[in-house]
Trainee: 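Pasting a structure below so you can have a look.
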Amino acid sequence: MSVDLMPNRYRPGEANLAPREADLIARRDGVLGASYRLQYRNPVHFVRGEGMWLFDPDGRPYLDFYNNVPSLGHCHPEVNAAMAEQAGRISANTRYLEPRLVEYAERLVATFPAELDRIVFTCTGSESNDLALRIARLVSGNEGVIVSAYAYHGTSAAAAEVSPNLGDAVKLSPSVRMVRLPGVKGVAPDKAAAFFEAEVRGAIYDLQRRGIGVAALLVDSIFSSDGVHVDPPGFIAGAVAAVREAGGLFIADEVQPGFGRTGAHMWGFERHDVAPDLATLGKPMGNGFPIGAVVGRQAPMDRFGETARYSNTFAGNTVGIATADAVLRILQRDGILENASAMGERLAAGLQALSARMDGVRAMRHAGLFFGIDIGSDDMPPAARRAMALDVVNAMRDDGVLISTCGANEDTLKVRPPLVCEAQHVDRFLEALEAALRKLAA
């Protein structure tokens, strides 16, 4: 989540705003709650989306290299048609018999390891993580949750309490323990697994000593908010084993890395060759339609279902299922994962070439079409690197290319275009990034 946001109240002169946008911001401020923010120093105003592009009221196109929600591109005609067709017939909940609900559940579960064979639908990733925590705490009999040091897992009360990314004003639960990542600490790849396992074992020890116990290790398997720390594959395995030894569950937050984002795999946890006990899904599942899910092993799902209720009227509704079914069908039919791998490699090669001919890119990490690009140099103070990254983001926005930042210092560019990205889009992104870096160097 980028901190490069407009303040919650518009103050004239803060940005070079056209009268139309300034008036709209003022009207927003007059009616919306103060928690709302606008992204970019010069906020963007869109009226239409198509594929990789968003269009402002004047018809100017912006290349979207940030928005993972429409994973198949904005306003995908086949997805929209499925949504509209179902909405024109009936929108009903899961308490009625509905063949398509069962058929989609069977098809989706089939993309997971065989031991994950049960699913519960939600509306959002936050709800998915909230439910997964409830299941883990009931099954384990413990309260403790271990997360990475800058994790983001949602905005519900329970999810916010395990999301250090939300800032000091959002207090973490006393039962939460944060662990450092080997990539963030610069640990050598051959020592990464041992480092992470030691971090998690230390958290386990503290939770047990204080009588809290361990309910779950909850990680976004691509560690996106921490700065996209994807390597080495498998480094989480020892930590997962330690949590299970302590009676806890491994929850893989697949809201951002799932549905083919990493290219080689449908699910981010597959890069680590460790099957979770529960996997949480959200945003890309419906290409923008609000639908999510928890997929898990039968034993914890049955245990929860025997003693607790989960009644969510809108979750798994027929319109959402029809939309999600179309997304899954297109992902599997059109070689979307293969495209994500190919375009990811093209982008990685372009970034390596760019960093070889000019300064500004300190490091790059990626899996498929999810990139973390560190900006600045090692000898720059953290505040200067952060300012440079934010300047790059805003310069690219002015050039018509949208990205954001991530990481504890917010000096990492967060790049995750829709999975239908093509070669010309990659090249346009690289062109805009180079132009931004040259502008800042001038």
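Every value quoted in this text rests on a predicted model; they were computed, and no experiment measured them.
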Trainee: Yes or no on side chain to side chain contact (heavy atoms under 4.5 Å, CB included) for Met52 and Phe65, after CA distance, side-chain angles and deciding distance?
Mentor: CA-CA 8 Å; Met52 293 292 298; Phe65 250 60; 3.8 Å; yes
Trainee: Taking everything shown except Asp427 itself, do over 12 heavy atoms lie less than 6.0 Å from its CG?
Mentor: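 Enclosed.
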Trainee: For Pro189 and Pro232, work out which heavy atoms get closest and say how close.
Mentor: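 Between these two residues, the closest heavy atoms are O-CG, 3.6 Å.
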Trainee: Can you see which heavy atom on Ala436 is nearest to which on Met396, and at what distance?
Mentor: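 Of all heavy-atom pairs spanning Ala436 and Met396, the closest is CB-CG, 3.9 Å.
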Trainee: Other residues, nucleotides and ligands only: do more than 12 of their heavy atoms fall within 6.0 Å of CD on Glu85?
Mentor: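 Above 12, so yes.
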Trainee: Find the distance between CE (Met83) and CZ (Phe289) and round it off to the nearest 0.5 Å.
Mentor: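 Going from CE on Met83 over to CZ on Phe289, the span is 6.0 Å.
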Trainee: Under a plain distance cut-off of 3.5 Å, with no hydrogens placed, do Arg95 and Ser311 share a side-chain donor-acceptor pair?
Mentor: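 Arg95 and Ser311 do have a side-chain donor-acceptor pair below 3.5 Å.
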Trainee: How about Asn42 and Asn394: do any of their side-chain heavy atoms sit closer than 4.5 Å?
Mentor: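 No - every pair of side-chain heavy atoms lies 4.5 Å or more apart.
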Trainee: If you measure from CE on Met358 to CD on Glu434, what distance do you get to the nearest 0.5 Å?
Mentor: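 Answer for the CE-CD pair, Met358 versus Glu434, is 5.5 Å.
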Trainee: Side chains of Asn317 and Asn93: closer than 4.5 Å at any heavy-atom pair?
Mentor: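 No; the side chains remain at least 4.5 Å from each other.
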Trainee: Which value, rounded to the nearest 0.5 Å, describes the distance between His153 atom NE2 and Glu161 atom CD?
Mentor: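 His153 atom NE2 to Glu161 atom CD measures 13.5 Å (nearest 0.5 Å).
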Trainee: Are Glu103 and Arg107 close enough for a salt bridge, meaning some N to O gap below 4.0 Å?
Mentor: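 Looking at Arg107 together with Glu103, the answer is no, because their closest N to O distance does not fall below 4.0 Å.
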Trainee: Assess whether atom CG of Asp58 is packed by more than 12 heavy atoms of other residues, nucleotides or ligands within 6.0 Å.
Mentor: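 Yes, CG of Asp58 has more than 12 neighbouring heavy atoms, counting only those of other groups under 6.0 Å.
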Trainee: Indicate yes or no: does Asp226 engage Arg180 in a salt bridge with an N to O separation below 4.0 Å.
Mentor: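 A salt bridge is absent here (no side-chain N lies under 4.0 Å from a carboxylate O).
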Trainee: Which distance, rounded to the nearest 0.5 Å, do you find between the CE of Met343 and the CG of Leu369?
Mentor: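 If we round to the nearest 0.5 Å, Met343:CE and Leu369:CG are 8.0 Å apart.
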Trainee: Is it the case that Arg60 places NZ or CZ above or below the six-membered ring of Tyr62, under 6.0 angstrom from the centre and within 45 degrees of the axis?
Mentor: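 Yes, cation above the ring, under 6.0 Å and within 45°.
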Trainee: Does one side chain, of Asn287 or His76, offer a donor that lies under 3.5 Å from an acceptor on the other?
Mentor: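 Note: Asn287 and His76 side chains miss the donor-acceptor criterion.
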Trainee: More than 12 heavy atoms of other residues, nucleotides or ligands under 6.0 Å from CZ of Arg309: yes or no?
Mentor: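 No, because the 6.0 Å sphere around CZ of Arg309 holds 12 heavy atoms or fewer from other groups.
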Trainee: Can you see which heavy atom on Ala149 is nearest to which on Pro164, and at what distance?
Mentor: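 Scanning both residues completely, I find the closest heavy atoms to be O-CB, 3.2 Å.
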Trainee: Closer than 3.5 angstrom, by distance alone: can the side chain of Ser128 be matched with the main-chain N or O of Ala293 as a donor-acceptor pair?
Mentor: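 Yes: the side chain of Ser128 pairs with the backbone of Ala293.
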Trainee: Test your reading of the model: is there a side-chain donor-acceptor pair from Arg385 to the backbone of Gly376, 3.5 Å cut-off?
Mentor: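 Checked: no pair found.
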Trainee: Evaluate side chain to side chain contact (heavy atoms under 4.5 Å, CB included) for Cys123 paired with Asn312, printing each intermediate quantity in order.
Mentor: CA-CA 8 Å; Cys123 300; Asn312 186 329; 3.7 Å; yes
Trainee: Taking the side chain from Ser71 and the backbone from Leu419, do they hold a donor-acceptor pair closer than 3.5 Å?
Mentor: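 Checking the backbone N and O of Leu419 against the side chain of Ser71, no donor-acceptor pair under 3.5 Å is found.
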Trainee: Are the side chains of Ile321 and Glu98 in contact, using a 4.5 Å heavy-atom criterion?
Mentor: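 Not in contact.
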Trainee: Taking only Lys NZ, Arg NE, NH1 and NH2, and the carboxylate oxygens of Asp or Glu, determine whether Arg362 and Asp379 approach each other closer than 4.0 Å.
Mentor: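 No, Arg362 and Asp379 are not salt-bridged.
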Trainee: Is there a side-chain contact between Phe223 and Val230, using heavy atoms and a 4.5 Å cut-off?
Mentor: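 Phe223 does not reach Val230 side chain to side chain.
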Trainee: Using side-chain heavy atoms (C-beta onward) and a distance below 4.5 Å, is Asp391 in contact with Arg41?
Mentor: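 With C-beta onward as the side chain, the pair touches.
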Trainee: Nearest 0.5 angstrom please: Asp130 CG to Thr122 OG1, how far?
Mentor: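 So the gap between those two atoms works out to 10.0 Å.
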Trainee: Give me the ring orientation class for Phe112 and Trp267: parallel if the planes are under 30° apart, tilted from 30 to 60°, perpendicular past 60°.
Mentor: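 Rings of Phe112 and Trp267: parallel, as their planes differ by under 30°.
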Trainee: State, with a plain yes or no, whether a side-chain heavy atom of Arg297 is found less than 4.5 Å away from one of Leu249.
Mentor: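 No, side chains not in contact.
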Trainee: Could you tell me whether a side-chain N or O of Ser225 sits under 3.5 Å from a main-chain N or O of Ala151, the two making a donor and an acceptor?
Mentor: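 No; zero donor-acceptor contacts below 3.5 Å.
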Trainee: When rounded to the nearest 0.5 angstrom, what is the spacing between CG in Leu328 and OG1 in Thr323?
Mentor: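 Those atoms lie 12.5 Å apart.
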Trainee: Answer yes or no: is there a side-chain heavy-atom contact under 4.5 Å between Phe46 and Leu402?
Mentor: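 In contact.
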Trainee: Classify the ring geometry of Phe235 against His272: parallel below 30°, tilted from 30° to 60°, perpendicular beyond 60°.
Mentor: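 Perpendicular.
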Trainee: Within the supplied structure, the quantity of interest is the number of heavy atoms (other residues, nucleotides, ligands) at a distance under 6.0 Å from Arg27 CZ; does it exceed 12?
Mentor: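 No, because the 6.0 Å sphere around CZ of Arg27 holds 12 heavy atoms or fewer from other groups.
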Trainee: Can you check whether Ser221's main-chain N or O pairs, donor with acceptor, with Arg271's side chain at less than 3.5 Å?
Mentor: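 Side chain of Arg271 to backbone of Ser221, a donor-acceptor pair under 3.5 Å: no, none is there.
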Trainee: Any donor and acceptor pair, going by atom type alone, linking the side chain of Asn409 with main-chain N or O of Pro382 inside 3.5 Å?
Mentor: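 Flag set: sc Asn409 to bb Pro382 pair under 3.5 Å.
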Trainee: Is a side-chain N or O of Glu254 found less than 3.5 angstrom from the main chain of Phe269, in a donor-acceptor match?
Mentor: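 Yes, Glu254 side chain to Phe269 backbone: donor-acceptor pair under 3.5 Å.
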Trainee: Are side-chain heavy atoms of Arg48 and Leu54 found at a separation under 4.5 Å?
Mentor: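 Not in contact.
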Trainee: One thing to verify: whether Arg329 and Asp325 come together as a salt bridge, which I'm taking to mean a side-chain N less than 4.0 angstrom from a carboxylate O.
Mentor: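 Salt bridge present between Asp325 and Arg329.
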Trainee: Determine yes or no for a side-chain-to-main-chain donor-acceptor pair under 3.5 angstrom, with Asp220 supplying the side chain and Val255 the backbone.
Mentor: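 No.
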Trainee: So, Asp334 side chain and Ile336 main chain: donor-acceptor pair closer than 3.5 Å or not?
Mentor: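 No, Asp334 side chain to Ile336 backbone: no donor-acceptor pair under 3.5 Å.
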Trainee: For the pair Arg20 and Asp56, find out whether any cationic side-chain nitrogen is under 4.0 Å from an anionic carboxylate oxygen.
Mentor: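 Looking at Asp56 together with Arg20, the answer is no, because their closest N to O distance does not fall below 4.0 Å.
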Trainee: Could you walk me through whether Ile135 and Leu278 pass side chain to side chain contact (heavy atoms under 4.5 Å, CB included), step by step?
Mentor: CA-CA 9 Å; Ile135 295 170; Leu278 302 169; 4.0 Å; yes
Trainee: Taking atom types as modelled and ignoring hydrogens, do the side chains of Ser404 and Gln39 form a donor-acceptor contact shorter than 3.5 angstrom?
Mentor: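 There is such a pair (donor and acceptor under 3.5 Å, judged by atom type) between the side chains of Ser404 and Gln39.
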Trainee: Step through it carefully: locate the ring centre of Phe429, locate the ring centre of Phe371, and say whether they are under 6.0 Å apart.
Mentor: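 So the answer is no for these two rings.
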Trainee: Which heavy atom in Ala92 sits nearest to a heavy atom in Tyr96, and how many Å separate them?
Mentor: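 For Ala92 versus Tyr96, the nearest heavy atoms are CB-CD1, 4.0 Å.
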Trainee: Which atom names give the shortest non-hydrogen contact between Met178 and Ser148, and what distance separates them?
Mentor: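 Taking every non-hydrogen atom into account, CG-O, 4.4 Å.
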Trainee: Between Arg365 and Val228 (side chain of the first, backbone of the second, donor and acceptor by atom type, cut-off under 3.5 Å), is there such a pair?
Mentor: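 Answer holds: yes.
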Trainee: Which pair of heavy atoms, one from Val179 and one from Ala203, lies closest together, and at what distance?
Mentor: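 Reported closest heavy-atom pair: CG1-CB, 4.1 Å.
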Trainee: Is the shortest side-chain N to carboxylate O distance from Glu431 to Arg428 below 4.0 Å?
Mentor: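 Answer for the salt bridge query: yes.
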Trainee: Given His366 and Leu347, is the side chain to side chain contact (heavy atoms under 4.5 Å, CB included) satisfied, shown in steps?
Mentor: CA-CA 10 Å; His366 87 104; Leu347 180 50; over 6 Å; no
Trainee: Any carboxylate oxygen within less than 4.0 angstrom of a Lys/Arg side-chain nitrogen, looking at Glu199 and Lys185?
Mentor: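 Salt bridge between Glu199 and Lys185, a charged N being under 4.0 Å from a carboxylate O: no.
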Trainee: Say whether Ser173 and Ser175, considering side chains only, have a donor N or O and an acceptor N or O under 3.5 Å apart.
Mentor: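 Checked: Ser173/Ser175 side chains pair up, N/O donor to acceptor below 3.5 Å.
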